[in-house]
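Structure, as structure tokens:
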2 protein chains.
Amino acid sequence: MNIGAAAKLSGVSAKMIRYYEEIGLVPPADRTTSGYRDYSTPDVHQLRFIRRARDLGFSVAEIATLLGLWRDRTRQSADVKRIAREHVADLEGRIAKLQDMVDTLKTLADTCHGDERPECPIIRRLEGESVAPEVR
Amino acid sequence: MNIGAAAKLSGVSAKMIRYYEEIGLVPPADRTTSGYRDYSTPDVHQLRFIRRARDLGFSVAEIATLLGLWRDRTRQSADVKRIAREHVADLEGRIAKLQDMVDTLKTLADTCHGDERPECPIIRRLEGESVAPEVR
DNA sequence: GCTTGACCTTCCCATGGTTGGAAGCCTTAC
DNA sequence: GTAAGGCTTCCAACCATGGGAAGGTCAAGC
């Protein structure tokens, strides 16, 4: 099948399929005599695997490892589990950072009048003035 | 003062100061006769403002708006508050997505033996097989 | 006054993952 | 035969940041 059909079936855009091939995440696709990329059902499965891993936030580098483990019938589930756990730790670190921002901003926004007056704890905080004493 | 001193005082790297000037987030700095950028204390305060806003996850576009409000003595705190709330909503959306990934992966990893055997629910999930029936 | 080292300048490149577009070839349907 | 749509490659952009090269400038020490 053509790249468009493979894209539709796998959920990976044609653009990204070509990109994954270019960076070596997937092997070069077969070509028809006219130069079109030609995909088989297993190819589509592999693309779908990649798509699902991306949806779970795995980086391309991590996916390369996961694909290797997928293809390796003698793989140890411990290896897969370790990658997943490391990835979870990474995600949780990012969540914690974002949550800190949210907490700070919510606190500031809660003490901001939000009316026509210019006085604003959010701006004051960005200016560098401590807003803590405002805690009433 | 030179860009290096401004960088140290503001917490914004010299690279980024030049970049912010290039994209118009800050006005072009004064120059000495020899062409060095020359910064005043208010300049440093502005850079520090930007730095703090970045630390709270605001995009450069949002910061441009915040800087405008900062400079506007007739600003309405409602405008600042609205931007902050929108940003919080954006952050919370990103957190929710990451949290979904974490939840999924944790569930999968918890049911993965993590030993020398190849059987692995994480891989199965990426293959597309539903892992839900595994729920015991 | 000269050397040295630390600073500054501009310019280009790379990151990661994705999208967009342009120019040109191929296929399919009418 | 022609039109539409799919395919090819190549180039650029996003966002924010860092790295580095090549060359000019400044200040301190001798």
Side-chain angles (χ1 to χ4, degrees), chain A residues 1-26 28-40 43-44 47-67 87 90-91 93-94 97-98 101, chain B residues 1-26 28-40 43-44 47-67 87 90-91 93-94 97-98 101:
Chain A
M1 79 189 77
N2 284 343
I3 197 171
K8 198 164 288 182
L9 288 177
S10 66
V12 180
S13 73
K15 280 272 188 194
M16 290 313 298
I17 294 176
R18 294 192 195 99
Y19 171 70
Y20 291 149
E21 177 181 318
E22 185 193 330
I23 63 172
L25 184 62
V26 297
D30 290 343
R31 299 285 184 139
T32 66
T33 49
S34 63
Y36 282 19
R37 286 177 182 78
D38 189 27
Y39 294 90
S40 65
D43 292 337
V44 171
L47 290 170
R48 203 176 294 159
F49 181 100
I50 292 171
R51 173 64 205 276
R52 293 212 168 89
R54 291 289 305 142
D55 286 346
L56 287 174
F58 286 102
S59 69
V60 166
E62 287 168 326
I63 294 175
T65 307
L66 289 174
L67 278 175
H87 181 51
D90 176 46
L91 292 176
R94 280 149 65 186
K97 270 190 193 169
L98 294 176
M101 296 177 190
Chain B
M1 79 189 76
N2 284 344
I3 198 172
K8 198 164 285 180
L9 287 177
S10 66
V12 180
S13 72
K15 280 273 188 195
M16 290 313 298
I17 294 176
R18 294 192 195 98
Y19 172 71
Y20 291 149
E21 177 180 318
E22 184 193 332
I23 63 172
L25 183 63
V26 298
D30 290 343
R31 299 285 183 141
T32 65
T33 48
S34 63
Y36 282 19
R37 286 176 183 79
D38 190 25
Y39 294 90
S40 65
D43 291 337
V44 170
L47 290 170
R48 202 175 294 159
F49 181 101
I50 293 170
R51 173 62 205 276
R52 293 211 168 92
R54 291 290 304 141
D55 286 348
L56 288 174
F58 286 102
S59 70
V60 166
E62 288 168 326
I63 295 174
T65 307
L66 289 173
L67 278 175
H87 181 50
D90 175 48
L91 292 176
R94 280 149 66 187
K97 271 191 193 166
L98 294 175
M101 298 177 188

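None of the values given here were measured: they were computed from a predicted structure. So you know, we letter chains A, B, ... as the sequences are listed, proteins then strands, and number each from 1.
- Atom OH of A:Tyr39 is separated from atom C1' of D:dG6 by 14 Å (rounded to the nearest Å).
- Residue B:Arg31 places no side-chain N or O under 4.0 Å from the OP1 or OP2 atom of D:dG24.
- A heavy-atom distance below 4.5 Å is found between the side chains of A:Met101 and A:Leu98.
- As a whole-Å value, the separation of A:Asp30 CG from D:dC7 P is 16 Å.
- Screening residues 11-25 of chain A for side-chain hydrogen bond (donor to acceptor under 3.5 Å, both in side chains), with sequence neighbours left out, gives A:Glu21-A:Arg37.
- As rounded to whole Å, 14 Å separates atom C1' of D:dA13 from atom CD of B:Glu22.
- Atom CD1 of B:Ile23 and atom C1' of D:dA13 are 15 Å apart (whole Å).
- Mapping A:Tyr36 and A:Tyr20 onto DNA chain C by nearest heavy atom places A:Tyr20 closer to the 5' end of the strand.
- If you measure from atom NZ of B:Lys15 to atom P of D:dT17, you get 13 Å, rounded to the nearest angstrom.
- Proximity of residues 6-13 of chain A to DNA chain D (heavy atom under 4.0 angstrom from any strand atom) is not detected for any residue.
- Two residues are said to be in side-chain contact when any heavy atoms from C-beta on lie closer than 4.5 Å; B:Tyr36 and B:Ile3 fail this criterion.
- B:Arg18 comes within contact range of at least one nucleobase, with a heavy-atom separation under 4.0 Å.
- Mapping heavy-atom proximity under 4.0 Å, the span of DNA chain C touched by chain A runs 5' to 3' from C:dG17 to C:dT27.
- In this structure, A:Asn2 places its CG atom 7 Å from C1' of D:dC7, rounding to the nearest Å.
- When rounded to the nearest whole Å, the span between CD of A:Glu21 and C1' of D:dT9 equals 12 Å.
- In this structure, the CD1 atom of B:Ile50 is 12 Å from the P atom of D:dA16, given to the nearest Å.
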